[in-house]
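In this chain, residues are counted from 1 in sequence order. Note that the structure is predicted; figures quoted are calculated from it, not measured.
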Amino acid sequence: LNSLQSQLATISGVTATRIGSTIEVEMSSAFTITAKGGNDGDSLIVYQDSADNISRLPSKAKHGRIVQIANSTLNQDDYYLKFVANNGTSGEGYWEETIKPDVSTGLTASTMPHQLIRNANGTFTFQQVSWEPRLVGDDISNEHPSFVGNTIQQLFFYNNRLGALTEENVSMSQVGDYFNFYHNSALTQVASDPVDISCSSIRPATLHGVVPVAQGLLLFSRSQQFLMQGAQGILTPTTSTIKTISNYEMDPLNDPVDLGTTVSFVSKTPSYMRVFEMQTRGQDESPVVVDISRIVPEWIPSTVDQVVSSPQNSLLS
């Protein structure tokens with residue numbers, strides 16, 4: 001290896017550094033390299049920015065060296081490793097999963113929702129949120145949440161996750177890590193990973209309202225209602241589903257309200273407003289929906305811009 005290193009160093013613009021049984025070759029301009037050795041031609045292993053599997057990577061390397069593990073011709077199973085030297089320079093160390101060098105590391109705090117914090121002295125602080133960055137993968141193996149590039153319609157908490165409604169998508173953070181919408185690994189998926197799912201429908205389904213119920217999350221669009229649920233009531237990336245449960249028109253400017261065991265929402269016509277009460281049933285049962293304003297048709301004006309409820313008093317205002 002010392003002889004090979006010396007020969008490489010004679011090439012103009014090439015820097016060859018031996019680290020254990022590895023020679024790191026660097027050049028000021030782009031280049032390609034091939035190598036073979038031994039009687040059968042495979043005694044030397046050479047790679048540049050990618051390798052076909054992790055077994056080809058050495059146990060000693062330069063600190064910060066990033067390599068793509070291609071695995072196959074499919075982009076979905078690619079991931080990236082970075083070498084961390086024990087001494088912070090080169091030599092013994094370990095390979096850890098990392099992010100693709102040329103992709104965005106995550107969300108822009110200035111264009112994301114902000115937080116209002118109550119201080120100990122009773123004052124309030126309005127500030128940006130420190131959203132967790134994307135640490136591993138790329139735009140395929142660990143893509144941005146679906147609200148990136150779109151307008152968030154509604155925020156909510158459910159199952160110890162922070163959620164956001166955008167267009168026809170529901171995005172939910174990692175469990176207990178409200179400001180993290182990215183996976184911790186591009187190699188495996190666990191139940192606590194973020195959930196991002198779409199309520200596909202033949203009708204336009206821009207989600208704007210959400211209410212937690214016993215069966216899951218009750219989602220509202222202008223002309224449809226959906227139920228988001230998971231196995232045994234737990235939402236995970238692999239078990240979460242969304243299905244249509246009813247097709248009532250709803251005013252998108254008035255949020256649905258919780259009445260304790262039922263949910264109320266309103267529908268407007270040009271001259272008056274109708275009020276509906278919905279009660280969800282079993283996992284595979286259609287809800288019961290009643291027009292509770294039927295006894296006073298056309299009495300509620302269409303100019304109503306806020307609906308509030310008091311479940312304890314069975315009051316809707």
Side-chain angles (χ1 to χ4, degrees), residues 79-80 82 97-120 122-186 189-200 204-212 216-222 226 228 230 234-238 240 242 250 252-258 305-306:
Y79 62 98
Y80 300 83
K82 179 177 68 176
E97 194 176 356
T98 189
I99 188 173
K100 184 179 179 181
D102 58 350
V103 299
S104 166
T105 56
L107 307 174
T108 302
S110 61
T111 59
M112 285 288 291
H114 289 38
Q115 59 183 346
L116 185 65
I117 300 175
R118 185 183 186 277
N119 304 310
T123 62
F124 290 85
T125 302
F126 183 67
Q127 63 184 30
Q128 294 181 2
V129 176
S130 297
W131 301 95
E132 292 294 329
R134 177 168 57 177
L135 300 176
V136 300
D138 54 28
D139 289 334
I140 297 177
S141 61
N142 193 9
E143 61 183 342
H144 292 300
S146 55
F147 56 70
V148 171
N150 295 299
T151 300
I152 294 177
Q153 304 291 337
Q154 189 75 269
L155 291 176
F156 62 93
F157 281 102
Y158 184 72
N159 265 177
N160 204 22
R161 299 177 187 262
L162 173 64
L165 303 183
T166 308
E167 299 295 333
E168 60 182 19
N169 297 288
V170 181
S171 304
M172 301 181 73
S173 71
Q174 289 208 24
V175 174
D177 194 357
Y178 304 134
F179 302 143
N180 190 356
F181 284 86
Y182 295 101
H183 296 267
N184 289 330
S185 173
Q189 192 174 67
V190 296
S192 60
D193 276 341
V195 176
D196 205 310
I197 188 171
S198 171
C199 59
S200 56
T206 300
L207 300 175
H208 57 77
V210 55
V211 177
L217 280 176
L218 195 56
L219 306 172
F220 291 83
S221 71
R222 184 184 291 270
F226 305 87
M228 181 175 178
I234 301 174
L235 298 179
T236 71
T238 55
S240 299
I242 297 179
M250 177 188 171
L253 301 181
N254 282 287
D255 290 335
V257 294
D258 188 356
D305 56 15
Q306 185 176 10

Check the pair E168, S198 against side chain to side chain donor-acceptor pair (under 3.5 Å), reporting the backbone distance first and the verdict last.
CA-CA 6 Å; E168 60 182 19; S198 171; 3.2 Å; yes
Show your working on side chain to side chain donor-acceptor pair (under 3.5 Å) between S141 and D138 and close with a plain yes or no.
CA-CA 5 Å; S141 61; D138 54 28; 3.1 Å; yes
Is F156 close to P212 at the side-chain level, that is, under 4.5 Å between some pair of heavy atoms?
no
When you measure from the side chain of N254 to the backbone of Q306, do you find a donor-acceptor pair of N or O atoms at a distance under 3.5 Å?
yes
List the atom of V170, the atom of L165, and the distance in Å for their closest heavy-atom pair.
CG2-CD2, 3.8 Å
Can you list everything that forms a side-chain hydrogen bond (donor to acceptor under 3.5 Å, both in side chains) with H208? Sequence neighbours excluded, please.
none
Just wondering, do Q174 and D193 contact through their side chains at under 4.5 Å, heavy atoms?
yes
Could you tell me whether the side chain of L135 reaches within less than 4.5 Å of the side chain of I99, counting heavy atoms only?
no
Quick check against the 3.5 Å criterion: does R161 have a side-chain atom that pairs as donor or acceptor with the backbone of M172?
no
Separation between OG1 of T105 and NZ of K100, rounded to the nearest 0.5 Å:
14.5 Å
Tell me if the centroids of the rings in F181 and H144 come within less than 6.0 Å of each other.
no
Between T98 (side chain) and Y80 (backbone), is there a donor-acceptor pair under 3.5 Å?
no
Yes or no on side chain to side chain contact (heavy atoms under 4.5 Å, CB included) for N159 and L217, after CA distance, side-chain angles and deciding distance?
CA-CA 10 Å; N159 265 177; L217 280 176; over 6 Å; no
Could you work out, with side-chain hydrogen bond (donor to acceptor under 3.5 Å, both in side chains) as the rule, every residue matching E97, not counting sequence neighbours?
S185
Okay, side chain of N150, backbone of S146: is any donor-acceptor separation there less than 3.5 Å?
yes
Check A164 against I152 and note the closest heavy-atom contact, atom names and distance.
CB-CG2, 4.1 Å
Measure the spacing between CG of L207 and SG of C199 and express it to the nearest 0.5 Å.
4.0 Å
Holding to side-chain hydrogen bond (donor to acceptor under 3.5 Å, both in side chains), I want the full list of residues that pass it with T123, two or more places apart in sequence or in another chain.
N119, N121
side-chain hydrogen bond (donor to acceptor under 3.5 Å, both in side chains) partners for N160, two or more places apart:
Y178
Under the side chain to side chain donor-acceptor pair (under 3.5 Å) rule, what do S171 and D196 come out as? Steps first, then yes or no, please.
CA-CA 4 Å; S171 304; D196 205 310; 2.9 Å; yes
Measure the CD-NE2 distance between Q189 and H183 for me, rounded to the nearest 0.5 Å.
5.5 Å
Residues 106-118, side-chain donor-acceptor partners within the protein, below 3.5 Å, at least two apart:
| unit_1 | atom_1 | unit_2 | atom_2 | d |
| --- | --- | --- | --- | --- |
| T111 | OG1 | T108 | O | 3.2 |
| H114 | ND1 | M112 | O | 2.9 |

Using the side chain to side chain contact (heavy atoms under 4.5 Å, CB included) rule, take V210 and Y158 through it: C-alpha gap first, then chi angles, then the decisive distance, then the call.
CA-CA 10 Å; V210 55; Y158 184 72; over 6 Å; no
Look at the side chain of N180 and the backbone N and O of D177, then say whether any donor-acceptor pair between them is shorter than 3.5 Å.
no
So, using salt bridge (charged side-chain N to carboxylate O under 4.0 Å, His left out) as the criterion, who are the partners of D139 when residues are at least two apart?
R134
Nearest heavy atoms of S240 and V195, plus distance in Å
OG-CG1, 3.9 Å
Close side-chain approach of T206 and S221, heavy atoms under 4.5 Å:
no
Between N142 and V136, is there a donor-acceptor pair closer than 3.5 Å when you use the side chain of the first and the backbone of the second?
yes
Under a 4.5 Å cut-off applied to non-hydrogen side-chain atoms, are L155 and F147 in contact?
no
